[in-house]
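Since the structure comes first, as structure tokens, the remarks are kept for the end.
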Protein chains: 2
Amino acid sequence: METTSKEKSYRQSRQRKRILEVLSSTTVHPTADWIYRRLKKEFPRLSMGTVYRNLNILIDQGWVSKIHFGSTFDRFEARVEPHTHLICERCGSITDLNMSFEKGITEKARKLTGFDIRRHRIEFFGICQKCLVKNRSPKKREKNDGNE
Amino acid sequence: METTSKEKSYRQSRQRKRILEVLSSTTVHPTADWIYRRLKKEFPRLSMGTVYRNLNILIDQGWVSKIHFGSTFDRFEARVEPHTHLICERCGSITDLNMSFEKGITEKARKLTGFDIRRHRIEFFGICQKCLVKNRSPKKREKNDGNE
DNA sequence: TTCCATGCAAACTTTTTGCATTCAT
DNA sequence: ATGAATGCAAAAAGTTTGCATGGAA
């Protein structure tokens, strides 16, 4: 296995290898704890620290993605009808957007899946105008909770 | 202000009223802590407990939505190319879906916003087939981390 | 007068981190 | 030999909850 990471140098480890294998062989989008329990038999001294550390490394290497991604804080808004969010990965700001493609999307998904679909969420991730202007090197992302 | 909630009976409270007003008057999608700090001057004895309790009530009443919604756990997958998730609000299961409408969506958003858009996320929320079959009354959602 | 909401603090859940040790290179 | 990865435990971060008191209906 080779990494796609540019900066850091990672060694191989049996735990990380297995974490990726387990994750690759399931469709259930598990939690870290599920992976931990799954591999605990194999590595009786495995710890959650190792699982989390390796998941983050695998994400950094581009092998894994995290589903609830973005801020570590919940964010709230007084708007309940479906709309689209633009999330800046540099400053964390969230802005609203109305796009016409939202129309009919639910019906289409309903037909395809048999799901009783009640709502959807569409989010775009990238770099916002403001951050593009201050064209700095990508630093550690500041937490933006709207308090600029 | 009247509630749209069916079951519970809520009274009015100055704190809750102001939380909704503050949330309605901003576009920054704040964190609970932002709201807390914003209202602390007005209610010097305000506590985070009250903010969270009221946000949950407002969500229950349908006035507010939470952005990072779904499981309280992060979920992981060994799939990094963009695709769509179907999230069951009853059992928490997450399944993948490929839909053609994803094509071109990024380009469209880029033109509209000036964002440097790197990726997007589309999620549908509803009730999955399995849960529709066991047609039970909507109970407290079980945490599904793939360990059925 | 009832019982929902508050403030406060403690508890809880999930994730991260410090440190000594182990292991891959 | 070097320093990345591990296991363990403690800490951090975000959210929820128990309880006595206060306040809306």
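In what follows, every heavy atom counts, from backbone to side chain, and hydrogens, waters and symmetry copies are set aside. Residue numbers begin at 1 in each chain, while the letters A, B, ... track the order of the sequences. Note that the coordinates shown come from a computational prediction; the quantities given were computed from them, not determined experimentally.
Taking atom OH of B:Tyr36 as the reference point, atom C1' of D:dT16 lies 16 Å away to the nearest angstrom. Remark: P of C:dC12 and CG of A:Asp33 are 17 Å apart, rounded to the nearest angstrom. Between A:Met48 atom CE and C:dT17 atom P there is a gap of 15 Å when expressed in whole angstrom units. Summarising the geometry, the separation between CZ on A:Arg18 and C1' on D:dA5 is reported as 18 Å, rounded to the nearest angstrom. One atom, CD1 of B:Ile57, and another, C1' of C:dA5, lie 7 Å apart when rounded to the nearest Å.
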Got a list of protein N/O to nucleotides 18-21 of chain C N/O distances below 3.5 Å?
from   : atom 1 : to      : atom 2 : distance (Å)
C:dG18 : O6     : A:Arg53 : NH1    : 3.2

Under 3.5 Å between N/O atoms: give me all the protein pairs with nucleotides 21-25 of chain D, atom names plus distance.
from   : atom 1 : to      : atom 2 : distance (Å)
D:dG23 : N2     : B:Arg11 : NH1    : 2.7
D:dA24 : N3     : B:Arg11 : NH1    : 3.0

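B:Arg79 meets the salt bridge (Lys or Arg N to Asp or Glu O under 4.0 Å) test with B:Glu81, B:Asp96; sequence neighbours excluded.
In terms of position on DNA chain C, the residue among B:Phe76 and B:Ser47 whose nearest nucleotide sits closer to the 5' end is B:Ser47.
For the pair A:Arg119 and B:Phe125, the cation-pi criterion (under 6.0 Å, within 45° of the ring axis) is fulfilled.
Distances from the side chain of A:Arg16 to the nucleotides D:dA5, C:dA5, D:dT16 place D:dA5 closest. Here the nucleotide nearest the side chain of A:Ser9, chosen from D:dA4, C:dG7, D:dT6, is D:dA4.
A salt bridge does not link A:Lys40 with A:Glu42: none of the charged nitrogens is closer than 4.0 Å to a carboxylate oxygen.
To the nearest 0.5 angstrom, A:Leu58 atom CG is 11.0 Å from A:Ser65 atom OG. Taking NE2 of A:His29 as the reference point, atom CD1 of B:Ile87 lies at 9.0 Å (rounded to 0.5 Å). With rounding to the nearest 0.5 angstrom, the NZ atom of B:Lys66 is 8.5 Å from the CG atom of B:Leu55.
Residue A:Thr50 places no side-chain N or O under 4.0 Å from the OP1 or OP2 atom of D:dA5. For the pair B:Asn54 and C:dA5, the criterion of a side-chain N or O lying under 4.0 Å from OP1 or OP2 is not met.
Nearest heavy-atom pair across A:Phe124 and B:Thr106 is CE2-CA, 4.1 Å. Across all their heavy atoms, B:Trp34 and B:Val22 have their closest contact at CZ3-CG1, 3.8 Å. Residues B:Leu46 and B:Tyr36 share a closest heavy-atom pair of O-CE1, 3.2 Å.
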